[in-house]
S.K.: 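Following this message is one structure expressed as structure tokens.
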Number of protein chains: 2
Amino acid sequence: MAITIRDIAKKADVSIATVSRVLNSPEDVSHETKEKVEKVMEEMNYKPNAFARGLIRRSIKTIGLIVPDLNNLFYPPVINGLEDGLEENDYNVFLCNTNEDIKKEKKYIDNLLNKNVDGIIFLGTRPTGFQKNKHIIELSKEMPVLMINDYITGAEVYSVMTDERNGAYKAINYLVELGHKRIGFINGDVNYTTYRYKLDGYKKALEDNNIDLRDTYIVNETPYEKGGYKGMKKLLSLNNSPSAVLAASDQIAIGAMNGIFENGYSSDDFSVIGYGDVPLISELYSGLTTVSQFPYHTGQLAAETILKVINGEKMIQKRRIIDPELKIRKSCNKCKGHFEC
Amino acid sequence: MAITIRDIAKKADVSIATVSRVLNSPEDVSHETKEKVEKVMEEMNYKPNAFARGLIRRSIKTIGLIVPDLNNLFYPPVINGLEDGLEENDYNVFLCNTNEDIKKEKKYIDNLLNKNVDGIIFLGTRPTGFQKNKHIIELSKEMPVLMINDYITGAEVYSVMTDERNGAYKAINYLVELGHKRIGFINGDVNYTTYRYKLDGYKKALEDNNIDLRDTYIVNETPYEKGGYKGMKKLLSLNNSPSAVLAASDQIAIGAMNGIFENGYSSDDFSVIGYGDVPLISELYSGLTTVSQFPYHTGQLAAETILKVINGEKMIQKRRIIDPELKIRKSCNKCKGHFEC
DNA sequence: TTGTACGCGTTATCAT
DNA sequence: ATGATAACGCGTACAA
């Protein structure tokens, strides 16, 4: 049996109330008794029981993190930032991996509810549609909820996300500056919030640059290497294949580059822009030009935000928008060579 | 205020003991009252309070996971497997990221102890030395402890790890079969358990193949892309540079390949073997030949093992060793071309 | 089979 | 400034 507040009280010859006070409101206790008690706690290696605490305080400084897929390399750096930000404030995180299974997600939510977490964070973009997110709206009535890279309107749900529309817009503009006019887009499933916005940005940028939109230049794939590879192959098989391509994720971009190399081209012939700025990936193939979502910072901001909500601070804005930035590395070049510009 | 066991008891017109029983020992309660109570619980959407429960049961079905660095891509798939295995048994995991900071690690351990986790898992290889792991030995006297990819002797510490020695051995043998005789090794810090074993395997394989060991062929770097890149540059700058190289991690391998390409070589000229078999990475550069540690399976096995320990099952062996397997893809070729074989 | 009452380790509200 | 004591919500020995 672990050592309790009572043991300390006995040994220090004070009441348990006093012991509790040196822990929670040290200013209410005389300097000397405080020192005495603290010394005993040290000696006996006392550790307050979090359950007993939680029973009264109804909080155990824990937040639940629901991540749809640990194979998505964009998430680890976000989690990293999140965890750092939370740890600084002595909060722990329950990691819940759903594999995009909605049933598993609901089970986890129940579980987290039972365990009385102080808040829940949903990581990653999600399929749109009221039905699919109804349980989150319900949840938000009971406890602080924050989404990373998605949002829900008309509910007490907070968000940290990047301006995807603008990110895609910047990327396309850059490619146009390099002289590209045939610009493809390997996107994810547009039923997911972020991919929808990216598509918007892509279209808007083309329009503003007076470039006609070609449906065949837009392909939708899974946001991983395989998808990028498949998408690239499709684009390369076109009659008038593009000379540059925006990928909706860094992993798509990598897959696309594999496809390019396999067909005997180099990044001299074919420009690729990724999306996300995942630490490792951006260094691949001697440097991937990418739209940075600042994943680590995103996580930090999420931590900061949910802590504010938990502490009851009034939030003027429910959504925090990070402005993405184009990180120019080496995967893009002026349009020339094999392709008509 | 949330709804409690007392509310249920009142509404169902039974005692709180009975309500508690339908939750914990339903066989001790008559079928009809059980149904009645369950119906009320359903209606009132009752959720047992985990704190109160934990206070008595001294367990809350939670394990703490200490990971040294979320930027190490080998970990996410392991965590994935671990989390899946744990979730199946209704266990949650506290994610603790230490950034290799021993102070942070100790703080986390205290934290986890306070929160009464049922066990703690340490992910990843660690620096050897009694001093550095003393706190883990101490910890193991208080609760179940398991290490992934490391071990401690003379303490109640369980392990799931791969036979690194054998993994390196297999890799070198394969390179020899391909005709390579000048084989470099970009290793990590040999003060870490796994890198020490890998070095052993490398040496043993050379010896068994009657190849002289050259100290200059062995370089020690950080186990990430940057390290691989730097290490490769060193090897390429040698008078008699190797024609093949074993990398102590997949991320090292990727960095090494970047170095190779930058110097104008291809994998036709220069063979590279990685280590780990991280899902994404192995697909890079049209397929990295690598020594698979089966990361997902490693995680699953860890989950299974610690649950057994928690449930008091007698474990015949404290260490579970996974035999690594060479996954042959495309980064290795017969020795030829620019380099003497 | 069911109910009463106590204890788990804290914190909070009174007194003193 | 300090102490006694009642909660917090649940599980369980004991009694009925």
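All values below were derived from every heavy atom in this structure, side-chain atoms included, with hydrogens, water molecules and symmetry-related copies excluded. Sequence lines set the chain letters: A, B, ... in the order given, protein chains first and strands last, and positions in each chain run from 1.
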S.K.: Using a heavy-atom cut-off of 4.0 Å across all strands, would you classify A:Asn24 as base, sugar-phosphate, or nothing?
M.R.: sugar-phosphate
S.K.: If you check the B:Thr4 side chain, which of D:dC10, C:dT11, C:dT4 turns out closest?
M.R.: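 Closest nucleotide to the B:Thr4 side chain: D:dC10.
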S.K.: Mark yes or no for a side-chain to base donor-acceptor pair under 3.5 Å between B:Arg58 and D:dG11, with no hydrogen or angle criteria applied.
M.R.: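 No.
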S.K.: Looking at A:Ser20, I'd like to know whether one of its side-chain N or O atoms comes within less than 4.0 Å of OP1 or OP2 on C:dT11.
M.R.: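 Yes, because at least one side-chain N or O of A:Ser20 sits under 4.0 Å from OP1 or OP2 of C:dT11.
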S.K.: Would you indicate, yes or no, if D:dT2 has its OP1 or OP2 atom less than 4.0 angstrom from a side-chain nitrogen or oxygen of A:Thr18?
M.R.: no
S.K.: Would one find a side-chain N or O of B:Ser15 under 4.0 angstrom from OP1 or OP2 of C:dT4?
M.R.: no
S.K.: Angle class for the B:Phe94/A:Phe94 ring planes (parallel below 30°, perpendicular above 60°, tilted otherwise)?
M.R.: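 It falls in the parallel class, under 30°.
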S.K.: Picking from C:dT13, D:dG11, C:dG9, which would you name as closest to the side chain of A:Ile56?
M.R.: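 Nearest to the side-chain atoms of A:Ile56, counting from C-beta on, is C:dG9.
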S.K.: Select base, sugar-phosphate, or nothing to describe what A:Ser30 touches, counting heavy atoms under 4.0 Å on all strands.
M.R.: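 Since only primed, P, OP1 and OP2 atoms lie under 4.0 Å of A:Ser30, the category is sugar-phosphate.
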S.K.: Taking the minimum atom-to-atom distance to the side chain of B:Tyr46, which one of D:dC10, C:dT10, D:dT12 wins?
M.R.: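 When the side chain of B:Tyr46 is considered, D:dC10 is the closest of D:dC10, C:dT10, D:dT12.
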S.K.: Could you tell me whether the phosphate oxygens of D:dG11, OP1 or OP2, come under 4.0 Å of any side-chain nitrogen or oxygen in B:Arg53?
M.R.: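 So the side-chain polar atoms of B:Arg53 do come within 4.0 Å of the phosphate oxygens OP1 or OP2 of D:dG11, strictly under.
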S.K.: Take the protein atom CG of A:Asn116 and the nucleotide atom P of D:dC8, then report the distance between them rounded to whole Å.
M.R.: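 To the nearest whole Å, that distance equals 15 Å.
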S.K.: Which comes earlier along DNA chain C counting from the 5' end, the contact point of A:Leu55 or that of B:Val14, where each point is its nearest nucleotide?
M.R.: B:Val14
S.K.: Using whole Å, report how far NZ of B:Lys36 lies from P of C:dT1.
M.R.: 15 Å
S.K.: Does a side chain donor of either A:Asn92 or B:Tyr108 reach within less than 3.5 Å of an acceptor in the other side chain?
M.R.: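 There is no such pair between these side chains.
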S.K.: Has the side chain of B:Asp7 got a donor or acceptor atom that lies under 3.5 Å from a matching backbone atom of B:Ile3?
M.R.: no
S.K.: Counting just side-chain N and O atoms, does A:Thr33 come under 4.0 Å of either OP1 or OP2 of D:dT2?
M.R.: yes
S.K.: Just by modelled atom types, is the A:Leu301 backbone N or O under 3.5 Å from a matching donor or acceptor in the A:Thr305 side chain?
M.R.: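 Here the side-chain-to-backbone pair exists.
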S.K.: Distance check needed: D:dT5 P versus A:Arg6 CZ, whole Å only.
M.R.: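 Taking atom P of D:dT5 as the reference, CZ of A:Arg6 is at 12 Å.
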S.K.: Would you indicate what A:Arg57 reaches in the nucleic acid, counting non-hydrogen atoms under 4.0 angstrom: base, sugar-phosphate, or nothing?
M.R.: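 If one applies the 4.0 Å heavy-atom cut-off, A:Arg57 turns out to touch the sugar-phosphate alone, with no base involved.
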S.K.: Check every strand shown and say whether A:Lys47 touches a base, only sugar-phosphate, or nothing at a heavy-atom separation below 4.0 Å.
M.R.: sugar-phosphate
S.K.: Heavy atoms from C-beta onward define the side chain here; which of D:dC10, D:dG11, C:dT2 lies closest to that of B:Asn49?
M.R.: D:dC10
S.K.: I want to verify a distance call: between D:dC8, D:dG11, D:dA4, whose nearest atom is closest to the B:Ile16 side chain?
M.R.: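 My answer, after comparing the listed nucleotides, is D:dG11.
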S.K.: Within the side chain of B:Asn99, is there an N or O that forms a donor-acceptor pair under 3.5 Å with the backbone of B:Asp101?
M.R.: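 A pair under 3.5 Å: no.
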